[in-house]
Protein chains: 2
Amino acid sequence: MKTVTEQVISEIRERILDGKYGPGAHLHEATLAADLGVSRTPIRDALRVLGNEDLLVYYPNRGYIVRSVELHDVLDAYDVRGTLEGLACRVIAERGLTEAQREGFAELIERGDTIFASPSWGQEEQSAWRALNSEFHYALLTASNNRHLEPIMRQIRFFPRIFDSRLDPQSEFFQNVHTREQRVRSHHDHMHIVEALIRGEGARVEALMREHVYANRELLRRAMEGSGTF
Amino acid sequence: MKTVTEQVISEIRERILDGKYGPGAHLHEATLAADLGVSRTPIRDALRVLGNEDLLVYYPNRGYIVRSVELHDVLDAYDVRGTLEGLACRVIAERGLTEAQREGFAELIERGDTIFASPSWGQEEQSAWRALNSEFHYALLTASNNRHLEPIMRQIRFFPRIFDSRLDPQSEFFQNVHTREQRVRSHHDHMHIVEALIRGEGARVEALMREHVYANRELLRRAMEGSGTF
DNA sequence: AAATTGCAGGTTGCATGCAAACTGTCGATT
DNA sequence: AATCGACAGTTTGCATGCAACCTGCAATTT
């Protein structure tokens with residue numbers, strides 16, 4: 001991030017995602033400017049960008065308020081994500097993998113094997129897995145060679161984060177979702193997806209990816225409906 | 001459109017879509033400001049928004065240039081659109097239509113029947129069909145009740161328009177695509193889609209919608225590759 | 001001759017001032 | 001008593017000034 005405006009965008013976005021600015025909160029330009037130690041101009045630029053990302057709602061001449069995000073919105077985000085990553089997988093399989101791509105995916109799988117080689121599941125393994133998981137999904141978008149997918153995915157992947165921020169890390173949800181067991185299952189999904197990609201099984205890999213994302217969606221849905229917090 | 005900034009956004013976007021600012025063209029703030037008779041501030045706001053829409057590419061401290069759009073990008077946009085509208089159709093079918101929705105879609109189909117009742121195909125019928133077609137696809141997004149779909153579709157639907165603007169309306173492409181015959185075919189697709197929706201056939205209606213969009217994609221692809229203009 | 005550095009011109013980035021629009025309150029009129 | 005209207009305060013919208021940065025050219029150095 002080079003310019004002040006970019007930093008302001010990131011900062012305000014983080015505050016929204018972390019829940020510091022709750023749903024419906026009015027973002028006052030002068031207050032934000034004083035708070036962040038910059039003038040109103042970069043603030044206004046940032047609000048416009050975040051409005052485009054659908055994190056804020058714009059009312060002409062009245063400014064921006066934080067969009068309210070319901071469970072419904074997050075589940076819908078998973079639907080879109082699963083569908084589009086399924087598309088990515090299908091076109092990759094139908095086009096066929098290059099040698100470099102095959103090696104790249106094989107290496108990503110190997111790194112997963114390494115993480116799960118030991119039965120421990122501490123902070124280190126968890127953050128390593130999160131990074132690897134992001135890399136894997138991002139690699140698929142890149143390999144699909146469809147330039148529309150990456151910006152779309154960047155937009156919608158914020159919504160689960162907003163929801164996560166509202167949760168207590170000690171809650172039942174975290175206990176059920178972020179377990180080693182669930183991660184191992186995800187890793188196995190990835191293995192099957194890569195195998196299907198290599199074999200060029202387009203329809204199958206699309207279904208596998210959809211189901212892979214859908215599994216996480218359902219995990220969230222059941223945990224939230226069970227807890228009844230929302 | 002209320003504020004000056006919104007108007008500037010629309011104006012510059014139209015100019016890009018119409019090809020007045022060609023791929024790679026540098027959009028100079030002061031020049032645009034003088035040209036449109038406003039100050040640099042709304043211009044800068046507009047450029048930022050259009051950058052977010054992926055119509056412009058941003059280089060920090062050096063401004064914005066018009067993104068180059070290849071045939072490849074337009075075909076990819078169709079892939080995304082077909083996939084996401086397929087998703088919309090599937091969830092509508094799986095949830096089941098309300099009485100009001102069923103009547104709404106039936107009315108849209110009837111309006112299509114009316115347009116094609118006469119064998120003439122003049123300006124009037126063509127613009128009536130374009131409006132109806134937009135309404136139909138928009139109604140599906142609304143009925144899906146997935147709030148992510150509408151903004152995504154709004155972004156990617158610009159790309160075909162950029163391509164259209166580069167074409168000569170007298171060209172072979174327009175002769176082949178914008179015929180009454182092709183429109184009738186689209187109308188029949190819509191009828192089948194609505195029938196499948198009503199019957200709750202989720203998987204089938206998803207496939208139908210994908211194929212409906214894909215047919216247009218292939219029409220474009222063959223016409224462009226045949227003409228060899230790009 | 002090639003490379004590097006300093007300078008000039010021009011463009012974007014940010015701050016600030018002023019105008020326009022909106023909100024809420026108080027008072028007048030019916 | 002209720003509704004409508006005017007006014008004050010506040011907030012956003014737009015214009016403009018200045019600073020920072022980037023590019024290209026030319027002169028100097030190696």
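Bounding nucleotides for the chain A contact on DNA chain D, 5' to 3', at a heavy-atom distance below 4.0 Å, are D:dT11 to D:dC22.
Judged as a side-chain contact (heavy atoms from CB on, under 4.5 Å), and not counting sequence neighbours, the contacts of A:E99 are A:R102, A:E103.
Geometrically, A:R62 engages A:Y59 in a cation-pi contact, judged by NZ or CZ lying under 6.0 Å from the ring centre and within 45° of the ring axis.
Taking the six-membered ring where tryptophan is involved, the planes of B:H190 and B:W129 are essentially parallel, since the angle between them stays under 30° and well short of 60°. Taking the six-membered ring where the residue is Trp, B:F159 and A:H148 present perpendicular rings, their angle passing 60° and hence far from 30°.
Checked against a 6.0 Å centroid threshold, the rings of A:Y64 and A:H26 do not count as neighbours.
One finds a salt bridge joining B:D73 and A:R147 here, because a Lys/Arg side-chain nitrogen approaches an Asp/Glu carboxylate oxygen to under 4.0 Å.
Exactly one of B:L55, B:V66, B:L27 qualifies for a side-chain contact (heavy atoms from CB on, under 4.5 Å) with B:L50. That residue is B:L55.
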Quick test: give all pairs of protein nitrogen or oxygen and nucleotides 9-12 of chain C nitrogen or oxygen below 3.5 Å, distance rounded to 0.1 Å.
unit_1	atom_1	unit_2	atom_2	d
C:dT11	O5'	B:H28	NE2	2.9
C:dT12	OP1	B:H26	NE2	3.0

